[in-house]
Each structure stands twice: as C-alpha cells, then as structure tokens.
Amino acid sequence: MTSQPPGYPYPQWPQPPRRNVGAIVALAIAGALVVAGVSVGVTLAVTADDGTTKAAPATTSRTRPTTSKSPTPVIPVNPRQNVEVKIGETIGFGSHPGQPEVAFTLTKVTVGGRCTEPYAQKAENGRFIFLDMTVTTSSSMSGDFAPSLLNPNNFSIIGPDGVTETGGSLSSAPAIGCLSRGKLFPLALSPGQNYVGTVVLDSRNTTGSLVLAPYGLDGFNGWEWNLGEHA
C-alpha cells in the first residue's frame with residue numbers, strides 16, 4: 001500500500017487548421033465503434049471542404065482482448081523485513097491470499113514469569129518470559145502449518161543493545177520444564193481446532209523486540225512485537 005508526483009503546466013500547442021465538422025463527427029463515431037470492440041463495416045460519407053461528398057472505403061477492425069491483473073499486495077515490513085504487530089492483534093495467514101488457514105494472537109506477555117513445576121530450575125539467561133497465545137486453525141489447513149509453528153526455536157529477542165537472542169538460547173532446559181504440559185503451547189497443530197497455551201522463553205532481556213519467524217513464509221521474514229508494551 002503510492003503518491004503521484006505533481007504535474008507540470010501543459011504546453012500551448014498550435015491550433016490545427018479548421019476542418020469540416022461533419023467529417024470529424026463521422027470519424028469520431030467510427031473511432032468510438034472501434035474502441036468499443038465493434039467491427040466497423042459501414043460506409044462513411046465524408047464531406048470535403050469544397051462541398052463535395054465522397055464515400056470513404058469500408059473498413060473493419062478487431063481489437064485485441066485486454067486482461068487486467070490486480071496488483072500483488074505489498075506487505076508492509078520494517079528494515080528487518082518483519083511485519084510489526086501489536087500485542088493482542090490477531091494474525092491470519094495461509095497458502096492463498098485472503099484465505100487464512102491459521103489465526104493466532106499473542107494475548108499477553110509476562111516478563112519474570114514464575115514456574116509452577118515442582119522440579120523447575122532457575123532461568124539460565126536471566127528471567128523467564130511467558131507468551132500467552134491463542135490459535136485457531138481452519139478445517140482445510142495445509143499440513144505445512146501443522147508442525148512447530150509456535151516452537152520456541154522459531155522465536156528470537158532483539159535486545160535494546162541490538163544483540164539478538166536466538167531460539168536455541170531462549171528454549172533452554174529450564175524454560176522447557178517451567179510449566180506443566182497442560183499449560184505449555186502444543187508444538188503440533190491439527191485442522192479445525194482452537195488452542196490456548198503459553199510459550200516459555202529464557203531471556204536476558206526485559207525489553208526489546210520479540211520476533212516469530214517460522215519456516216516457509218513468503219515476502220517477509222516474520223512478525224515482530226514490542227516487548228516494552230507489557231514489560
């Protein structure tokens with residue numbers, strides 16, 4: 001989603017010599033028929049300047065069929081080629097434009113989340129970040145979206161210092177064992193389902209940018225949230 005540059009004053013062209021109005025109207029009618037895609041097979045009576053009338057030869061014309069293509073929508077991305085979204089905003093995507101197969105929402109971010117499992121360990125990198133997610137899948141969801149959409153390895157956090165923590169670091173063993181399986185978001189998705197769960201990340205940051213970049217996206221790298229909104 002362009003503005004047009006301002007135009008320039010039109011030049012004053014020399015006026016053409018005066019012509020007989022009857023000829024001009026007749027030719028204009030013929031031209032209109034051709035433009036409309038109608039074969040012109042009539043004889044036009046053209047009146048010359050000296051008052052004599054001549055029959056113009058019959059002409060036929062065919063116009064090439066025209067096809068119009070809708071412009072490919074441009075996805076607005078930031079300099080990192082990510083689509084910026086807000087916490088609480090629903091994201092829908094799929095194999096075909098306008099037909100989302102998966103819709104998900106990051107509903108809440110908790111920085112410094114507390115583990116509930118009896119044998120939970122302390123965070124390796126500093127603190128746990130809980131990402132509460134909801135996901136709805138269509139009954140016709142492609143198998144390409146089923147595995148590991150919200151796998152912690154697909155997330156990264158860009159800190160205020162510009163350093164990126166990747167999924168391999170964020171999905172530490174303490175993060176995996178922080179919550180019960182019933183609270184953790186499932187790794188695999190099935191068609192026609194609704195899911196609610198939490199993704200746990202182990203991060204050294206409390207603010208920055210959260211990025212989700214699953215494999216196979218076309219036209220952009222991933223989605224990006226501002227952790228400062230709920231830090």
Side-chain angles (χ1 to χ4, degrees), residues 73-78 80-111 113 115-117 123 125 128-159 164-203 205 208-227 229-231:
V74 178
I75 302 175
V77 295
N78 63 16
R80 288 187 283 268
Q81 299 301 303
N82 294 323
V83 177
E84 295 183 353
V85 291
K86 294 184 177 295
I87 295 172
E89 183 178 353
T90 299
I91 302 165
F93 69 104
S95 303
H96 305 287
Q99 301 178 14
E101 298 175 59
V102 178
F104 66 91
T105 307
L106 173 58
T107 59
K108 183 181 178 182
V109 174
T110 303
V111 177
C115 298
T116 58
E117 287 297 273
N125 300 320
F128 294 115
I129 297 180
F130 291 175
L131 309 176
D132 292 347
M133 311 287 299
T134 62
V135 173
T136 299
T137 62
S138 71
S139 58
S140 59
M141 182 190 72
S142 168
D144 295 338
F145 302 111
S148 305
L149 170 65
L150 298 178
N151 189 311
N153 286 295
N154 291 333
F155 286 91
S156 61
I157 293 178
I158 305 172
T164 300
E165 292 181 286
T166 61
S169 172
L170 296 172
S171 59
S172 64
I176 296 173
C178 181
L179 300 179
S180 66
R181 290 187 178 182
K183 292 183 179 179
L184 289 175
F185 202 90
L187 294 182
L189 304 177
S190 299
Q193 302 292 324
N194 295 310
Y195 297 93
V196 176
T198 301
V199 177
V200 181
L201 304 180
D202 185 349
S203 175
N205 292 292
S209 297
L210 172 70
V211 177
L212 171 61
Y215 177 78
L217 297 180
D218 185 18
F220 62 105
N221 290 337
W223 299 277
E224 184 172 322
W225 296 264
N226 180 9
L227 281 179
E229 294 180 12
H230 282 238

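What you see is a predicted model; the values in this text were computed from it and never measured.
Between the CZ atom of Phe220 and the CG atom of Asn78 there is a distance of 11.5 Å, given to the nearest 0.5 Å. Between the OG1 atom of Thr164 and the CD1 atom of Ile157 there is a distance of 10.0 Å, given to the nearest 0.5 Å. Here OH of Tyr195 is found 14.0 Å from CE of Met133. Values are rounded to the nearest 0.5 Å. One finds the OG atom of Ser139 at 10.5 Å from the CD atom of Gln193 (value rounded to the nearest 0.5 Å).
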request  = Under the side-chain contact (heavy atoms from CB on, under 4.5 Å) rule, what do Leu131 and Val109 come out as? Steps first, then yes or no, please.
outcome  = CA-CA 5 Å; Leu131 309 176; Val109 174; 4.0 Å; yes

inquiry  = Assess the residue pair Leu210 and Ile129 against the criterion (side-chain contact (heavy atoms from CB on, under 4.5 Å)); give the C-alpha distance rounded to whole Å, side-chain angles, the decisive distance to 0.1 Å, and a yes or no.
reply    = CA-CA 11 Å; Leu210 172 70; Ile129 297 180; over 6 Å; no

ask   = Is there a side-chain contact (heavy atoms from CB on, under 4.5 Å) between Leu150 and Leu212 once you walk through the steps?
value = CA-CA 8 Å; Leu150 298 178; Leu212 171 61; 3.6 Å; yes

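With hydrogens and angles ignored, the 3.5 Å screen pairs a side-chain donor or acceptor of Thr137 with a backbone N or O of Ser190. Put simply, the side chain of Asn205 never gets that close to the backbone of Ile158: no donor and acceptor are under 3.5 Å apart. Asn221 places a side-chain N or O within donor-acceptor distance of the main-chain N or O of Arg80, the cut-off being under 3.5 Å.
Heavy-atom minimum distance, Thr134 versus Val196: CG2-CG2, 4.1 Å. Contact between Gly208 and Asn226 at its shortest, heavy atoms only, is O-OD1, 3.4 Å. Of all the heavy atoms in Val83 and Pro76, the pair that sits closest is CG2-O, 3.9 Å. Across Ser209 and Glu224, no two heavy atoms sit closer than the pair OG-OE2, 3.3 Å. The minimum heavy-atom distance between Val199 and Phe155, with the atom names listed, is CG1-CE1, 4.0 Å.
Using a 4.5 Å heavy-atom threshold, the side chains of Thr198 and Asp132 count as touching. The shortest distance between side-chain heavy atoms of Phe128 and Thr110 does not fall below 4.5 Å. A heavy-atom distance below 4.5 Å is found between the side chains of Pro152 and Leu187. Here the side chains of Asn153 and Ser171 are in contact, with some heavy-atom distance below 4.5 Å.
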Name each donor-acceptor pair under 3.5 Å that joins a side chain in residues 173-186 to protein atoms two or more places apart or in another chain, with its distance.
none

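Using modelled atom types, one finds no donor on one side chain facing an acceptor on the other under 3.5 Å when comparing Glu165 with Asn125. Checked by atom type, the side-chain pair Thr105/Thr90 shows a donor-acceptor distance below 3.5 Å. No hydrogens or angles considered: a donor-acceptor pair under 3.5 Å links the side chains of Thr136 and Asn194.
Classification of the Phe104-Phe93 ring pair by plane angle, with boundaries at 30° and 60°, yields perpendicular.
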